[in-house]
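For the numbers below, each heavy atom of this structure counts, side chains included, while hydrogens, waters and symmetry mates do not.
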Amino acid sequence: MSPLQRLLFPGSIAFIGGSECEVAIRQTLALGYEGSIFAVHPKRTDIAGITCLRSLDDLPHAPDAAFVAVKRELAVDTVANLSIRGCGGAVVYASGFAETGEEGGRLQASLLEAAKSMPIMGPNCYGFVNYLAKVALWPDEQGGRVRDSGVAIISQSGNMAVNFTMTRRGLPLAAVFSVGNQADVDIAALLEELARNDRITAVGVHIEGLKDPSRFATAAETARSNRKPVVALKTGRSEQGAQMALSHTNSLAGSDALYDAMFKRHGVARTYSVTAFVEALKFLHHGGPLKGSNLVSMSCSGGEAALIADLAGGREIKFPQFNAPTKARIAKTLNEYSAIGNPLDYHTFIWNQDEKLTTTFSAVLSGGFDLAMLVLDIPTVASVRPDTWLVTAEAFMKAQRATGARSALVASLSECLPEHVAAELSEAGIAPMAGLEDALTAFEAAVVIGRSWEHKDVPTLPQPVDRRQSLAVLLTEHEAKRRLQQFGLTVPKNIECPVDAAPVMAENLGFPVAVKASGSIAHKTEAGAVALSLHSQDEVRAATRRMKGIAERVLVEQMVEGAVCELIIGIKNDAQFGLGLVIGAGGTLAELLTDTVTLLLPAPRREIEEGLDSLRVAKLLSGYRGKIGDRAAALNAIAAVARFAEAHADSIEELDVNPLLVLPEGQGAVAVDALIRLRE
């Protein structure tokens with residue numbers, strides 16, 4: 001039995017406190033809990049019909065779980081007493097701990113110490129409802145029901161957790177957890193536990209922030225290896241960096257980008273709205289991830305067909321056209337006015353005709369698609385009888401039974417999916433989806449997770465190094481390039497020299513040249529410390545004359561011309577995530593275009609290739625207006641920067657190679673500017 005098993009699936013529960021315990025006991029009894037319930041209160045005779053014990057000393061044996069709803073001052077002693085008695089775990093409802101500041105933080109530390117090895121959920125949390133175990137250690141209303149299997153949701157918000165139990169979207173909710181301060185049992189611990197439970201079909205996590213991303217990554221990898229789909233609703237996308245940075249990279253790779261990189265690596269699908277979060281979990285319950293991205297859509301409206309085609313653009317899903325045999329089979333079921341395409345508008349000529357609808361749907365579902373979706377909004381207003389719409393739904397269920405195809409019925413408006421119809425569809429193995437755009441997001445999430453499950457080479461996320469006590473130093477560009485060159489990065493021929501020697505050195509290198517003021521200067525262009533495309537000693541002399549007030553030495557290097565595209569390669573060393581690798585469109589427009597992808601280091605070559613290919617600017621590498629860039633050289637340059645960063649993980653603060661000039665195929669990629677800041 002795992003450390004959390006007794007707490008989550010208790011055979012006996014002690015409720016310690018007053019009014020909140022009364023709610024929790026009533027909820028637990030309403031779910032049909034069959035174990036022992038103990039109510040502990042020094043003054044009340046009973047709580048919710050359960051005779052009260054005066055103190056924990058009166059417990060006949062150690063309970064498997066406890067719901068502690070006493071004031072924070074009493075919570076520490078109560079938890080200590082439960083731990084000594086061998087209780088399996090406790091939910092601590094009280095607030096006023098670390099969320100309130102320094103004094104509360106000390107009290108929370110005392111609570112954790114009092115618990116010893118006994119798991120604690122909270123403090124400052126609602127606890128959980130486990131519909132599989134018929135248990136509600138939960139001080140509020142909840143709208144779920146007992147079931148044999150379903151999805152679990154872990155939330156950092158108690159109110160959002162309550163709302164998830166109240167949805168009327170046909171969500172098969174098996175358990176919901178509100179984790180509060182996460183002094184002990186955190187999101188990662190629960191995710192790891194649920195990932196091993198065969199009755200949990202998918203796990204949703206609502207995240208405001210993680211104290212230990214490495215711990216979460218390990219839990220997510222456990223879920224991935226156990227083939228348990230995970231969906232994240234991460235808030236805080238608009239968070240701004242608290243510290244000004246010298247490089248472009250730090251502004252391009254905020255913490256949210258690092259969360260995305262972690263989610264993608266470990267097969268966690270991210271959604272950006274509560275409704276899409278719910279729909280993704282619901283769809284994953286009905287069959288898990290998708291094996292491919294080829295979908296087919298059916299509706300009796302040309303407008304809906306066009307809308308689906310529009311909404312699919314830019315997503316990880318496709319609506320390919322029918323192959324010839326499938327197209328012929330479908331055509332035989334419809335009249336000559338129906339254009340056979342995907343998305344399919346089958347018109348209303350066969351409306352309310354069960355046999356014809358079933359025949360058409362069966363022909364479509366036999367086309368070998370990864371998912372077949374039927375768009376159908378069923379009226380729920382009292383003045384309209386839904387009978388003819390239900391004929392269509394029944395025909396779709398018959399077609400699914402006949403073909404065994406993975407299927408979903410999608411109401412374009414969430415209010416047009418009656419709960420009883422959603423339940424019937426679910427029972428038939430068809431995902432009942434509410435809201436067209438949210439449904440497509442859910443299908444896309446299933447594709448992303450399915451692809452992730454195919455990968456074997458998934459590096460772990462290392463613990464970051466604490467570098468705060470050391471001083472960060474900006475290297476000169478000459479030194480930065482020299483060090484990067486040692487790791488395989490190509491740089492222009494260059495020489496650092498006194499200002500007065502620059503004209504002769506330029507002649508020796510060969511024109512045209514670039515001249516840059518040398519020293520710890522982060523943004524040389526803005527400082528007037530750069531002169532490009534100089535073709536003679538006189539031009540070099542004039543340029544360096546203007547730089548004398550900026551630096552005593554200059555960097556002279558050969559100009560690199562004929563680039564197909566410009567990239568930025570950057571490194572950010574994050575206090576929580578460690579090394580982040582940024583790849584994007586480079587040059588002076590790097591931050592304006594924000595065409596970037598962020599990866600976590602170490603990163604396998606596969607991730608680097610996928611990251612580069614995901615950029616809009618990558619089209620320039622694959623061939624644009626007759627020019628093909630040296631993609632292999634670009635990848636080698638990115639790998640060289642990554643190797644340098646990993647070798648200096650304990651000291652690197654930030655790094656920019658901007659731009660990396662990617663030349664035509666076979667001619668290489670050259671870093672013409674580099675910035676490195678290291679901590680001593």
J.: What is the minimum heavy-atom distance between P10 and A65, and which atoms define it?
T.: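 So the two residues come closest at CB-CB, 3.7 Å.
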J.: Could you give me the CA-CA distance, side-chain angles and deciding distance for C125 and V91, then say whether side-chain contact (heavy atoms from CB on, under 4.5 Å) is met?
T.: CA-CA 8 Å; C125 80; V91 169; 3.9 Å; yes
J.: Is T201 reaching over with its side chain to a backbone N or O of H285, donor-acceptor style, under 3.5 angstrom?
T.: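 No, the answer is negative, given that no donor and acceptor are paired below the 3.5 Å cut-off.
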J.: Flag yes if more than 12 heavy atoms outside E427 fall under 6.0 Å of its CD atom; otherwise flag no.
T.: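 Result for CD/E427: open.
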J.: Is there a side-chain contact between F128 and V176 (heavy atoms, below 4.5 Å)?
T.: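 Answer no - side chains too far apart.
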J.: Between R451 and E316, is the closest basic N to carboxylate O distance under 4.0 Å?
T.: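 Counted as a salt bridge, because a side-chain N and a carboxylate O are separated by less than 4.0 Å.
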J.: Parallel, tilted or perpendicular: which one describes the rings of F67 and Y93, with boundaries at 30° and 60°?
T.: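 Tilted.
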J.: Are T218 and H266 packed together at the side-chain level, in the sense that at least one heavy-atom pair is separated by less than 4.5 angstrom?
T.: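 Side-chain contact under 4.5 Å: no.
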J.: As an exercise, state the distance from OG1 of T78 to CD1 of I16, rounded to the nearest 0.5 Å.
T.: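 The distance works out to 6.0 Å.
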J.: Before we go on, tell me: are the rings of F15 and F38 under 6.0 Å apart, centre to centre?
T.: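 No, too far apart.
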J.: What is the minimum heavy-atom distance between V146 and Y131, and which atoms define it?
T.: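 Where V146 meets Y131 most closely, the heavy atoms are CG1-O, 3.5 Å.
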J.: Please check this pair: side chain of S452 against backbone of G267, looking for a donor-acceptor N/O pair closer than 3.5 Å.
T.: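 Between the backbone of G267 and the side chain of S452 there is a qualifying donor-acceptor contact (under 3.5 Å).
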J.: Under 3.5 Å, side chain of R227 to main-chain N/O of W453, donor-acceptor pair present?
T.: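 Between the backbone of W453 and the side chain of R227 there is a qualifying donor-acceptor contact (under 3.5 Å).
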J.: Under 3.5 Å, is there a donor-acceptor pair between the side chain of E20 and the main chain of G17?
T.: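 Not at all, since once roles are kept as given, no pair shorter than 3.5 Å links the two residues.
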J.: So for atom CZ, which belongs to R44, do other residues, nucleotides or ligands contribute more than 12 heavy atoms lying within a distance under 6.0 Å?
T.: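 Result for CZ/R44: enclosed.
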J.: Of all the heavy-atom pairs spanning A14 and L59, show the shortest one and how long it is.
T.: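 Heavy atoms of A14 and L59 come nearest at CB-CD2, 4.4 Å.
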J.: Name the residue from D438, L281, L233 that meets the side chain to side chain contact (heavy atoms under 4.5 Å, CB included) definition with T271.
T.: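 Filter result, single survivor: L233.
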J.: Would you say N226's side chain and K228's backbone share a donor-acceptor pair under 3.5 angstrom?
T.: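 No; judged by distance alone, with no hydrogens or angles, the pair does not exist.
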J.: Which atoms form the tightest heavy-atom contact between L191 and I154, and what is the distance?
T.: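 Reported closest heavy-atom pair: N-CD1, 3.8 Å.
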J.: Do K234 and Y259 form a cation-pi contact, if we require the NZ or CZ to be under 6.0 Å from the six-membered ring centre and within 45 degrees of the ring's axis?
T.: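 Checked: cation-pi criterion met.
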J.: Name the residue from N181, N124, D184 that meets the side-chain hydrogen bond (donor to acceptor under 3.5 Å, both in side chains) definition with Q108.
T.: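 Of N181, N124, D184, side-chain hydrogen bond (donor to acceptor under 3.5 Å, both in side chains) with Q108 is met by N181 alone.
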J.: Could you walk me through whether R72 and E103 satisfy the salt bridge (Lys or Arg N to Asp or Glu O under 4.0 Å) test, starting with their C-alpha distance in whole Å, then the side-chain angles of each, then the deciding distance to 0.1 Å, before giving a yes or no?
T.: CA-CA 12 Å; R72 69 173 191 164; E103 181 186 347; 3.7 Å; yes
J.: Before accepting this row, confirm whether a basic side-chain N of the pair E444/R270 lies closer than 4.0 Å to the acidic partner's carboxylate O.
T.: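 No, E444 and R270 are not salt-bridged.
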J.: Surrounding CG of D148 (heavy atoms of other residues, nucleotides or ligands, distance under 6.0 Å), is the total greater than 12?
T.: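 Atom CG in D148 is not crowded, with 12 or fewer foreign heavy atoms closer than 6.0 Å.
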J.: If you look at every heavy atom in A439 and V410, which pair is closest and at what distance?
T.: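 Looking at all heavy atoms of both residues, the closest pair is CB-CG1, 3.7 Å.
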J.: Atom CD of residue position E424 - does it have more than 12 heavy atoms of other residues, nucleotides or ligands inside 6.0 Å?
T.: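 No, because the 6.0 Å sphere around CD of E424 holds 12 heavy atoms or fewer from other groups.
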J.: Just by distance, no angles: are the side chains of H286 and S426 close enough, under 3.5 Å, to form a donor-acceptor pair?
T.: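 Yes, S426 and H286 have a side-chain donor paired with an acceptor closer than 3.5 Å.
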J.: As an exercise, state the distance from OG1 of T460 to CG of L600, rounded to the nearest 0.5 Å.
T.: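 Spacing of OG1 (T460) from CG (L600) equals 11.0 Å.
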J.: Report yes or no: do H206 and Q156 form a side-chain donor-acceptor pair below 3.5 Å?
T.: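 Checked: H206/Q156 side chains show no N/O donor-acceptor pair below 3.5 Å.
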J.: Is any side-chain heavy atom of V375 closer than 4.5 Å to a side-chain heavy atom of S297?
T.: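 Answer yes - side chains close enough.
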J.: Kindly indicate, with the supporting measurements, whether the criterion side-chain contact (heavy atoms from CB on, under 4.5 Å) is fulfilled by R26 and L31.
T.: CA-CA 9 Å; R26 290 190 188 282; L31 290 173; over 6 Å; no
J.: Are any non-hydrogen side-chain atoms of S149 and I200 less than 4.5 angstrom apart?
T.: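 The answer is no, as the side chains (C-beta and beyond) never meet within the 4.5 Å cut-off.
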J.: Counting only heavy atoms not in Q5, do more than 12 sit closer than 6.0 Å to its CD atom?
T.: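 It does: Q5 CD has more than 12 such atoms within range.
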J.: Can you check whether F177 and Y126 have ring centres sitting under 6.0 Å from each other?
T.: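 Here the rings of Y126 and F177 have centres that are no less than 6.0 Å from each other.
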J.: Side chains of I13 and V135, heavy atoms from C-beta outward: is any pair under 4.5 Å?
T.: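 Yes, at least one pair of side-chain atoms sits under 4.5 Å.
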J.: Between CG of L599 and CD of E607, what distance do you get to the nearest 0.5 Å?
T.: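 So the gap between those two atoms works out to 6.0 Å.
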J.: Look at the side chain of D58 and the backbone N and O of L53, then say whether any donor-acceptor pair between them is shorter than 3.5 Å.
T.: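 Side chain of D58 to backbone of L53: no pair is present.
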J.: To the closest 0.5 Å, what do you measure between CG (N197) and CG (L4)?
T.: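 If I round to the nearest 0.5 Å, the distance is 12.0 Å.
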J.: Taking the inter-plane angle between the rings of F164 and F277 on a 0 to 90° scale, is it parallel (under 30°), tilted (30 to 60°) or perpendicular (over 60°)?
T.: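 Judged by the thresholds at 30° and 60°, the geometry between F164 and F277 is tilted.
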J.: Any side-chain heavy atom of R224 within less than 4.5 Å of one from I449?
T.: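 A side-chain contact under 4.5 Å is absent here.
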J.: Has D64 got a side-chain atom pairing as donor or acceptor with G11's backbone, closer than 3.5 angstrom?
T.: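 Yes: the side chain of D64 pairs with the backbone of G11.
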J.: Taking the side chain as everything from C-beta on, heavy atoms only, tell me whether T45 gets closer than 4.5 Å to C52.
T.: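 They are not in side-chain contact.
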J.: Any luck finding a side-chain donor-acceptor pair between R315 and T441 under 3.5 Å?
T.: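 The criterion, which ignores hydrogens and geometry beyond distance, is satisfied for T441 and R315.
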J.: Output, in order, the C-alpha distance, side-chain angles, deciding distance and verdict of side-chain hydrogen bond (donor to acceptor under 3.5 Å, both in side chains) for T51 and D46.
T.: CA-CA 4 Å; T51 301; D46 75 280; over 6 Å; no
J.: Are the side chains of M121 and L7 in touch, meaning some heavy atoms are under 4.5 Å apart?
T.: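 Sidechains of L7 and M121: in contact.
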J.: Within the 3.5 Å criterion, strictly below it, is a donor on T380 or E415 matched to an acceptor on the partner's side chain?
T.: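 No, no side-chain donor-acceptor pair sits under 3.5 Å.
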J.: Apply the side chain to side chain contact (heavy atoms under 4.5 Å, CB included) test between V205 and each candidate in I187, V179, L190, L194; give the one that qualifies.
T.: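 Option passing the side chain to side chain contact (heavy atoms under 4.5 Å, CB included) with V205: I187.
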J.: Find the distance between CD (E279) and CZ (R169) and round it off to the nearest 0.5 Å.
T.: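 Going from the CD atom of E279 to the CZ atom of R169 covers 4.5 Å.
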J.: So does V79 get a backbone contact from the side chain of S83, meaning a donor-acceptor N/O pair under 3.5 Å?
T.: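 It does not hold such a pair.
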J.: Given F443 and D370, is the side-chain contact (heavy atoms from CB on, under 4.5 Å) satisfied, shown in steps?
T.: CA-CA 10 Å; F443 304 153; D370 297 301; over 6 Å; no
J.: Is it true that K211 and D186 make a salt bridge, defined as a side-chain N closer than 4.0 Å to a carboxylate O?
T.: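 Looking at K211 and D186, the cut-off is not met.
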J.: For the pair N163 and T167, evaluate side-chain contact (heavy atoms from CB on, under 4.5 Å) and give the outcome as yes or no after the intermediate values.
T.: CA-CA 7 Å; N163 295 342; T167 176; over 6 Å; no
J.: Check L210 against P213 and note the closest heavy-atom contact, atom names and distance.
T.: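 The answer is O-CD, 4.1 Å.
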J.: Can you find a side-chain donor-acceptor pair between S155 and S157 that sits under 3.5 Å?
T.: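 On atom types as modelled, these side chains do not qualify, holding no pair under 3.5 Å.
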J.: Do T28 side-chain atoms and A136 backbone N/O form a donor-acceptor pair below 3.5 Å?
T.: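 Side chain of T28 to backbone of A136: a pair is present.
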J.: Between N81 and D77, is there a donor-acceptor pair closer than 3.5 Å when you use the side chain of the first and the backbone of the second?
T.: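 No; zero donor-acceptor contacts below 3.5 Å.
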J.: Hey, could you give me the CD/CG distance between Q142 and D140, rounded to the nearest 0.5 Å?
T.: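 Output value for this atom pair is 9.5 Å.
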